[in-house]
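Note on naming: letters A, B, ... go to the chains in the order of the sequence lines (proteins, then strands), and numbering restarts at 1 for each one.
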Amino acid sequence: MFLGRIVEELVRTDGRRILAGLIRLTGDFDAAEDALQEAYARALASWQRDGVPSTPGAWLNTVARRVAIDRMRRPVTAELPEDLEAPPFEFEDPPPIADDRLRLLFTCCHPALAPEAQSALALRTLGGLTTREIARAFVEPEATTAQRLVRAKRKIREAGIPYEVPPRQKLPERIDSVLGVLYLIFNEGHTATDAPSLIRPDLMVEAIRLARLTVALLPESAEALGLLALMLLTDARREARVTPDGDLVPLDDQDRSRWRQDQIAEGTRLLDTAMAMASPGPYQVQAAIAALHSSARSPADTDWIQIAALYRTLMRYVPTPVVELNSVIAFGMATSLPAALDGLARLEARGDLARYHLLPAAKGEILRRLGQRDAAAVAFRAALELATNPAERRHLERRVAEVSSATG
Amino acid sequence: MKYILLIYGDERIWAAMTPAEMEKIYADHRAYGEAMGQAGAFLSSFELKPTSTATSVKFGTGRPRTVDGPFAETKEQLAGYYVIEVPNLEDAIAWAERMPGMVEGTVEVRPLAAGA
């Protein structure tokens, strides 16, 4: 059991890194995944017998690469002999794996792949999400996601899409889809669609790491800087946003002394650099919104007028119903709560957010603040019908209980 | 890997060109082919005559049936191709992007099946 946990932890910490290296080695997603699975199985067997090596990640990497190389030589042999000698516990320096994941990111984001396939493949290989989790995140049948992944991997193999960071002159045209995919991975970490906890810190950390590499690759991209700033500013609130039991703490109730000031400072500095380039874009606007929240000493201190103005700007870049919802809420906070209710009613009537739990959740929140308890309870219950993340569900259940009790 | 670069465009535009314009495009294609040859990428290339010269042999209704015209009536017609051998799709796309004489239209990049 103990060993099982070590391997599980290893899958989480080192699995994706090793997988990226294997994909480059084999040039084949499926072969890489198979080799890694085989290495996990061997790790369990060997460590049971001989104990866990001092650097299990390096052990796993070495074994997986051997398996992969061996299978490339003998592609027809399905099973390998059991008596492959255990690798030594000393290892040469790990290969430049960081570059492997950046290469893989660009491969996943190659314009020869359909945009939906790019995102799915990146979430699968770089984010380590299962097909089921990706399907939930995209609100599509699992079979559709599975089909997308199979087709994308086949196209990479058969059309010869390389595992490399594209030449410099190609970077500007490739950067948008790379940033889009990183944003998606980060958001999935920030609010997991289908996971027991609200957040998946490993996804947030990985997205930030890859965003840093992307900024280093193309420092003249203001939007790359903006995205990194947005991630750092958002991630700075991580500790305060979740209780030790994994419950969601809304922004207003967060202990602001627990926000990571170093990350806020770095994010703000990066945003300043980006904005000085005079090449605005949606990530910079979102980072500016996050920066305004971060600089407020208390909820009452929040500069909602500027935030509302920034959301209106964001609507020009990303005219989606979800951004509109945020814009309506910010406008209400800047002016009056009834104004926000009117805006929400308009959105509701249009019906394109009928499946989105945050619309009734926001409505419930405003009604609660206006003291309209019964109506708030109805709205929170409607949100509960739609929410999938357990932490968000528990938060909504608490709200229902709050507005339903103490009716006096 | 081997790729074919299929050149599609509106052939009416090509038909309307002056001899001097045509000569310029042919010269550009010769230089392009030579550059491919020097890079070790060139395998073969041909220009096609316009679709008004095409004949289609259709199957599926008893005996093969010969009819006038191309397989499909589209806005863009196949006008020629290059077959190249390069390390990967990135390089094939780079060659496609340099295709001479393309003011509009499309170059489709397709890998050749194994054995080609």
Side-chain angles (χ1 to χ4, degrees), chain A residues 20 22-32 72 75-76 99-115 117-118 121-122 125 150-178 181 214 217-218, chain B residues 1-9 28 31-46 71-72 74-76 78-116:
Chain A
L22 290 170
I23 290 174
R24 186 164 69 92
L25 178 71
T26 59
D28 187 311
F29 282 76
D30 293 325
M72 280 193 284
V76 275
D99 286 344
D100 281 346
R101 273 180 289 175
L102 192 66
R103 275 191 206 102
L104 188 53
L105 175 63
F106 275 95
T107 303
C108 292
C109 294
H110 199 283
L113 298 171
Q118 294 176 12
L121 198 60
T125 55
V150 167
R151 284 206 190 119
K153 289 191 236 177
R154 190 187 303 147
K155 170 120 193 221
I156 288 174
R157 193 171 57 240
E158 296 191 350
I161 296 175
Y163 298 93
E164 64 182 28
V165 172
R168 237 203 113 62
Q169 72 272 16
K170 290 266 184 192
L171 285 177
E173 65 180 81
R174 297 281 172 87
I175 199 84
D176 282 354
S177 53
V178 165
V181 158
T214 307
L217 201 63
L218 201 63
Chain B
M1 283 184 66
K2 288 175 185 158
Y3 296 87
I4 188 164
L5 311 182
L6 297 159
I7 304 163
Y8 289 92
D28 288 347
Y32 179 71
E34 276 165 26
M36 277 180 169
Q38 272 159 22
F42 182 86
L43 290 180
S44 73
S45 168
F46 278 103
F71 163 61
T74 51
K75 208 173 133 285
E76 293 183 344
L78 183 61
Y81 70 87
Y82 283 82
V83 176
I84 60 174
E85 182 154 22
V86 289
N88 58 47
L89 183 65
E90 206 72 68
D91 301 284
I93 290 172
W95 281 112
E97 285 176 343
R98 292 172 57 188
M99 187 64 68
M102 301 297 290
V103 282
E104 44 91 70
T106 308
V107 175
E108 183 176 327
V109 181
R110 286 266 284 273
L112 298 193

*When only heavy atoms count and the cut-off is under 4.5 Å, which of residues 89-102 of chain B reach chain A?*
B/Leu89, B/Glu90, B/Ile93, B/Glu97
*Find the one option among A/Ala112, A/Pro166, A/Gly160 whose heavy-atom pairs under 4.5 Å with chain B are most numerous.*
A/Gly160
*Mind listing the closest non-hydrogen atom pair of B/Pro111 and A/Ala159 along with its distance?*
CG-CA, 3.7 Å
